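First comes the structure, then the notes that go with it.
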Amino acid sequence: MALALTRAVSARLRDCELTHLDRSPIDLERAREQHAGYVAALRALAVQVIELPALDALPDSVFVEDVAIVLDEVAVLTRPGAPSRQPEVEAIAPALAAQRVLARISAPGTLDGGDVLVLGRTLRIGLSGRSNQAAIAELGTLLAPHGYTVQAQAVRGCLHLKSAVTVLDAETLLIQPAWVDPADFPGWRLLTVDPREAHAANILKAGDGWIYPDNFPRTLERLARAGYAVTTVDVSELQKAEGAVTCCSLVYAER
Ligand code: CIR
C-alpha cells in the first residue's frame with residue numbers, strides 16, 4: 001500500500017518564498033480547502049495519508065516534498081536551499097523516523113526534494129538555484145550502499161527539476177522541453193506539455209493513479225489521449241506560492 005505524509009497549510013503561506021513568480025494575493029481559506037481536496041484525492045486513489053499539523057511560523061511548510069527523500073531502504077532529510085525553509089526539516093524527522101532509517105544532508109550541501117527525480121535505481125538531481133554539487137556528492141555516498149546511483153541534471157528557467165519533468169510510469173516521463181533537455185532521457189517515452197502551459201510537467205503518481213492540476217486543459221488532453229486517466233484538483237492558491245502537486249506530499253511504499 002502507498003502512504004503519504006502531508007502537512008496542513010501554514011497561516012503564513014502568504015510570506016512564502018517566490019523565485020520565478022510575482023507575489024499575488026493568496027486566499028488562505030481557499031488554500032486550505034484546496035489542500036483538503038488534494039488529501040481527499042490521494043485517499044480516493046487508495047493512498048493512506050498521514051496528515052501533520054500546520055507549522056504557522058514556517059510559511060512554506062505545506063510543501064513537504066522538499067524536506068526529505070523517502071526510498072524503500074532509507075529516508076534522507078534534506079537541507080533546503082532557501083534558509084527560511086531549513087527549520088522544516090527537524091519538524092518532519094519524527095514522522096519519518098517512524099517509517100524509515102534516517103540519513104541527512106549536511107552543510108555546505110543544499111538540496112530540495114523538488115529537485116530529486118527517482119528513475120528506478122538512479123536519482124537525477126536538478127542543479128537548480130536550490131540544490132548544489134556538495135549535496136549531490138553527499139547523497140551519492142549515502143545511497144551507494146543501498147544500490148542507488150546519483151547524477152546531476154542540468155535544468156534552467158524553473159524552480160526545481162520536478163517543475164520540468166516527472167514520472168508517469170516505468171517507461172514514461174511528462175516533460176517541459178524549455179526547462180530540461182529531452183536528450184538527457186534516452187530510452188524513455190516522453191510526453192511533452194502543451195507549449196502554452198509552461199508549468200504543466202508536474203504530475204503526482206500515487207496509489208492507483210495520478211493527481212494533476214485542473215488548470216492545464218491542453219496537457220490534460222494529451223494525457224487523456226495517451227491513456228492516463230488522471231484525477232484533477234484545484235490547487236490555484238498553492239500555485240501562487242510556486243507550489244505544484246508533487247510538492248504537497250511525500251509518497252512512499254509501506255514496508
Ligand atoms: C519555495 O519557493 O520553496 C516554495 N514557495 C515552493 C516550493 C515548491 N516545492 C516543490 O515544487 N517541490
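Owing to the predicted nature of the structure, the values given are computational and were not obtained by experimental measurement. Note that ligands are numbered from 1 as they come in the structure, with each ligand's atoms numbered from 1 the same way.
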Check whether any heavy atom of [X] sits under 4.0 Å from an atom of ligand 1.
{"X": "Ala82", "answer": "no"}
{"X": "Arg130", "answer": "yes"}
{"X": "Asp66", "answer": "yes"}

* To do: Please confirm whether the backbone N or O of Ala2 pairs with a side-chain atom of Glu254, one donor and one acceptor, at under 3.5 Å?
  =>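 No, Glu254 side chain to Ala2 backbone: no donor-acceptor pair under 3.5 Å.
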* To do: Please answer whether the main-chain N or O of Leu58 pairs with a side-chain N or O of Ser61 as donor and acceptor at a distance below 3.5 Å.
  =>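 Yes, Ser61 side chain to Leu58 backbone: donor-acceptor pair under 3.5 Å.
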Would you mind listing which atoms of ligand 1 come within a distance below 4.0 Å of any non-hydrogen atom of [X]?
{"X": "Cys247", "value": "8 (C), 9 (N), 10 (C), 11 (O), 12 (N)"}
{"X": "Gly114", "value": "12 (N)"}
{"X": "His160", "value": "9 (N), 10 (C), 11 (O), 12 (N)"}
{"X": "Glu65", "value": "10 (C), 12 (N)"}

* **Test: Arg85 cationic atom under 6.0 Å from Phe63 six-membered ring centre, within 45° of axis** =>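 So Arg85 doesn't make the cation-pi contact.
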* Is the Trp179-His199 ring centre distance short of 6.0 angstrom? ->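 They qualify: ring centres under 6.0 Å apart.
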* To do: Decide whether an N or O pair under 3.5 Å exists between Asp60 and ligand 1.
  =>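 Between Asp60 and ligand 1, an N or O pair is found under 3.5 Å apart.
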* Backbone or side-chain N or O of Ala241 under 3.5 Å from ligand 1 N or O ->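 By distance alone, the answer is yes.
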* To do: Locate the shortest heavy-atom distance separating Ala54 from Val9; write the atom from each residue and the value.
  =>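 Residues Ala54 and Val9, closest heavy atoms: CB-O, 3.5 Å.
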